[in-house]
Amino acid sequence: MTAISHRVPLPFTTERLVLRLFTTDDLDDMYAYQGLDEVARYLPRSALTRDQCAQSLARRATGTAWAEDGDDLVLAVCRADVPGVVGEIVLKLASPHERQAEIGWIFNPAYGGRGYAAEAARAAASLAFDALGIHRLYARLDALNTASVRVCERLGMRREAHLVENHLDGDRWGDEYIYATLASERKDVAPTA
Ligand SMILES: CC(C)(COP(=O)(O)OP(=O)(O)OC[C@H]1O[C@@H](n2cnc3c(N)ncnc32)[C@H](O)[C@@H]1OP(=O)(O)O)[C@@H](O)C(=O)NCCC(=O)NCCS
C-alpha cells in the first residue's frame, strides 16, 4: 500500500487547529460524534457503533493509499491548545487521472458553531491542491443540510449542481447539491465568519 502521509505535510496547523492522522487512541473522541444519530442525519449511512469506529481506526493505522478511485485521507481535527479530536475531514480520490477529489466534514456538535469546520476544510483544501495536486475539489450534500451548505459557501465553493430527488432518505426523496472549486479558483477558497 502506498502511504500518502509522506506527500502531505502532517500535522498541519492552522490558526486554531491541528490536522493529523487518526490513531487507535482516538476511539473515544471519534465515537463521541460518529455514534450520534444527529451527526449521521444527512450522511448516506447510520451512526456508527463503537466497534465500527474501532475497526475504522484499526484499518487506518495500517496506512492510507491515494492511488485508486475511492482511496481516502481522513484527517483528525484537534484544537491546537487542547488534546482531543473535535471532528474530521475526509479527502476522497474520485479520479486519479483527472485529479478530482471529494471533500467531506463531520464534527462533534459539542464543538459546533465556532468556525472549526470551515477552518479545517480550508486547510484540507490547501493540502488537496498544494500537496496532492488536485485539479477539482467537490462536495456533495443533501440540500437540507444547511450547516454543510454554509461551510461550502464560506470556502467560496461554487454551487454547480442541484440534483432533484436523486436519493432516498428513508421515505423522503432528497435533493443533492454539488459544490466545487478548481485549482485555478484557489484565491476564492477563503472562509468568512
Ligand atoms: C456540517 C458541519 C461540520 C458544520 O458545522 P458548523 O459548526 O455549523 O460549522 P463551523 O464549525 O464552520 O461553524 C460555523 C459557525 O460558527 C460561527 N462562528 C463562531 N465563531 C467563529 C469564528 N471564530 N470563526 C468562524 N466562525 C465562527 C459562524 O458564524 C457559523 O455560524 P452559523 O452557522 O450560525 O452561520 C456539522 O453540522 C456536522 O458535522 N454535521 C454532521 C455531519 C454532516 O452532515 N456532514 C456533512 C455531510 S455532506
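Remember, it's 1-based here, ligands and their atoms both numbered in the order they're listed. Basis for what follows: all heavy atoms, side chains included, without hydrogens, waters or symmetry-related copies.
With 3.5 Å as the limit, one finds a donor-acceptor pair spanning the side chains of Glu88 and Gln34.
Ligand-side atoms of ligand 1 in range of Ile106: 39 (O), range being under 4.0 angstrom from any heavy atom. Close approach of ligand 1 to Arg154 is summarised as follows: ligand atoms under 4.0 Å from at least one heavy atom of the residue are 14 (C), 28 (C), 29 (O), 30 (C), 31 (O), 32 (P), 35 (O). Residue contact check: Leu141 has heavy atoms under 4.0 Å from atoms 48 (S) of ligand 1. Using a 4.0 Å cut-off to heavy atoms of Asn145, the atoms of ligand 1 that qualify are 43 (C), 44 (O), 46 (C), 47 (C). Heavy-atom contacts of Arg140 reach the following atoms of ligand 1: 48 (S) (cutoff under 4.0 Å). If you number the atoms of ligand 1 from 1 as listed, the ones under 4.0 Å from a heavy atom of Ala118 come out as 12 (O). Proximity to Ala147 (heavy-atom distance under 4.0 Å) selects the following atoms of ligand 1: 4 (C), 8 (O), 37 (O). Less than 4.0 angstrom separates some heavy atom of Gly112 from each of these atoms of ligand 1: 7 (O).
Only the side chain of Arg150 comes within 4.0 Å of ligand 1, judged by heavy-atom distances. With a 4.0 Å cut-off on non-hydrogen atoms, Arg122 does not touch ligand 1 at all.
Exactly one of Tyr42, Tyr179, Trp105 qualifies for a side chain to side chain donor-acceptor pair (under 3.5 Å) with Ser148. That residue is Trp105.
Between Asp130 and Arg186, at least one side-chain nitrogen of the basic residue sits less than 4.0 Å from a carboxylate oxygen of the acidic one, meeting the salt-bridge criterion. With respect to the salt-bridge test (charged N to carboxylate O, under 4.0 angstrom), the residues Asp28 and Arg50 qualify. The pair Asp26-Arg20 meets the salt-bridge criterion, with a side-chain N (NZ, NE, NH1 or NH2) lying under 4.0 Å from an Asp/Glu carboxylate O.
Arg159 pairs by the salt bridge (Lys or Arg N to Asp or Glu O under 4.0 Å) definition with Glu153, not counting sequence neighbours.
Ligand 1 has no N or O atom lying under 3.5 Å from any N or O atom of Tyr42, backbone or side chain. Between Tyr116 and ligand 1, at least one N/O pair is under 3.5 Å apart. Taking only nitrogen or oxygen atoms, main chain and side chain alike, Ala117 reaches within less than 3.5 Å of ligand 1. An N or O contact shorter than 3.5 Å links Gly113 to ligand 1 by distance.
Smallest separation of non-hydrogen atoms from Ala61 and Thr24: CB-CG2, 4.4 Å. For the residue pair Ala54 and Leu27, the shortest heavy atom distance occurs at N-CD1, 3.5 Å.
Environment of CD in Glu165: crowded, with over 12 heavy atoms of neighbouring residues, nucleotides or ligands closer than 6.0 Å.
With distances taken over non-hydrogen atoms, the option nearest atom 43 (C) of ligand 1 out of Trp105, Tyr179, Tyr33 is Trp105. For atom 14 (C) of ligand 1, the candidate residues are Gly104, Gly87, Gly115; the nearest heavy-atom contact is made by Gly115.
From Asp25, atom CG reaches atom CG of Leu57 across 9.5 Å, with rounding to the nearest 0.5 Å.
Residue Arg16 places a heavy atom under 4.0 Å from ligand 1.
The shortest side-chain heavy-atom distance between Val86 and Asp29 does not fall under the 4.5 Å cut-off.
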